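Structure first, then comments.
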Amino acid sequence: MRVQISGVAERDLLNIALYIAADNPERAFSFVDELQASCRGLGDGPLRFALIPGFEKREFRRRTHGRYAIIYRVEDDVIRVVRILSSSMDLKSVLDDH
């Protein structure tokens, strides 16, 4: 399946890179590459990750990568990555707008 990263998720990646780059610029690039690879990997089995409790009606799923959560939804022939967030964030307050 094709994976599409939303504009908001792209901004999330940029913010993650900037946050990590403050301490380790080289690691910032490699970590964002890893996150992007995890996103692309969703195409091989998008349903293997569970629906997020409380978001079943909107069909949001979560794949974790380190301390980050890749939030996505399977839509017909595309996997749409909605957000890439720190796992410590309150998902309800962030995802209510999506």
Side-chain angles (χ1 to χ4, degrees):
M1 265 186 134
R2 185 172 54 97
V3 176
Q4 184 179 64
I5 300 176
S6 72
V8 175
E10 288 284 351
R11 269 188 311 232
D12 292 336
L13 285 171
L14 176 61
N15 289 332
I16 292 165
L18 292 171
Y19 178 77
I20 295 171
D23 291 326
N24 188 341
E26 187 174 310
R27 180 62 181 136
F29 289 111
S30 64
F31 188 73
V32 167
D33 286 344
E34 290 172 17
L35 280 170
Q36 290 173 322
S38 288
C39 290
R40 287 189 304 273
L42 292 170
D44 296 330
L47 301 179
R48 71 178 173 226
F49 299 100
L51 291 168
I52 301 172
F55 293 96
E56 295 90 351
K57 287 184 181 179
R58 295 166 68 193
E59 299 182 7
F60 284 146
R61 296 176 180 272
R62 170 180 36 218
R63 177 181 189 167
T64 58
H65 183 91
R67 296 182 316 144
Y68 291 88
I70 299 167
I71 311 299
Y72 69 98
R73 175 176 30 225
V74 179
E75 302 174 352
D76 297 323
D77 64 341
V78 68
I79 299 156
R80 189 169 320 282
V81 176
V82 187
R83 297 295 306 260
I84 302 171
L85 305 166
S86 169
S87 294
S88 64
M89 292 182 79
D90 175 26
L91 292 181
K92 180 161 177 39
S93 66
V94 175
L95 294 178
D96 275 346
D97 294 337
H98 293 281

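Keep in mind the model is a prediction, meaning the values are calculated, not measured. Heavy-atom basis, side chains included; hydrogens, waters and symmetry copies ignored. FYI, the numbering just counts along the sequence from 1.
- Here the shortest heavy-atom pairing between P46 and G43 reads CD-O, 4.1 Å.
- With rounding to the nearest 0.5 angstrom, the CG atom of L13 is 10.0 Å from the CG atom of D33.
- Screening L85, V8, V82 for a side-chain contact (heavy atoms from CB on, under 4.5 Å) with V94, the sole residue that qualifies is L85.
- Atom CD1 of residue I71 and atom OG1 of residue T64 lie 9.5 Å apart, to the nearest 0.5 angstrom.
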Side-chain atoms of residues 50-57: list all donor-acceptor pairs with protein atoms under 3.5 Å, sequence neighbours left out, distances to 0.1 Å.
residue : atom : partner : partner atom : Å
E56     : OE1  : G54     : N            : 3.0
E56     : OE2  : G54     : N            : 3.4

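- Note: Y72 and F49 have perpendicular aromatic rings, judged against thresholds of 30 and 60 degrees for the angle between ring planes.
- Sorted by first and then second residue, the side-chain hydrogen bond (donor to acceptor under 3.5 Å, both in side chains) pairs with a member in residues 9-23 read D12-R83; sequence neighbours excluded.
- Under the side-chain hydrogen bond (donor to acceptor under 3.5 Å, both in side chains) criterion, the residue pairs touching residues 36-55 are S38-H65, with sequence neighbours excluded.
- In the hydrophobic clustering of ILVMFWY residues, with side-chain heavy atoms under 4.5 Å counting as a link, L47 and F60 come out apart.
- Atom CZ of R2 is separated from atom CD1 of I79 by 10.0 Å, given to the nearest 0.5 angstrom.
- The line from OH of Y68 to OG of S86 is 6.0 Å long, rounded to the nearest 0.5 Å.
- You'll find the side chain of R61 stays beyond 4.5 Å of the side chain of L42, heavy atoms only.
- Hydrophobic clustering, with ILVMFWY side chains joined whenever heavy atoms are under 4.5 angstrom apart, groups V3 together with M1.
- No path of Ile, Leu, Val, Met, Phe, Trp and Tyr side chains, each step under 4.5 Å between heavy atoms, connects L95 with V74, placing them in separate hydrophobic clusters.
- Contact of the C39 side chain with the I84 side chain is registered, since non-hydrogen atoms from C-beta on lie closer than 4.5 Å.
- The two residues A28 and A17 have their closest heavy-atom pair at CB-O, 3.3 Å.
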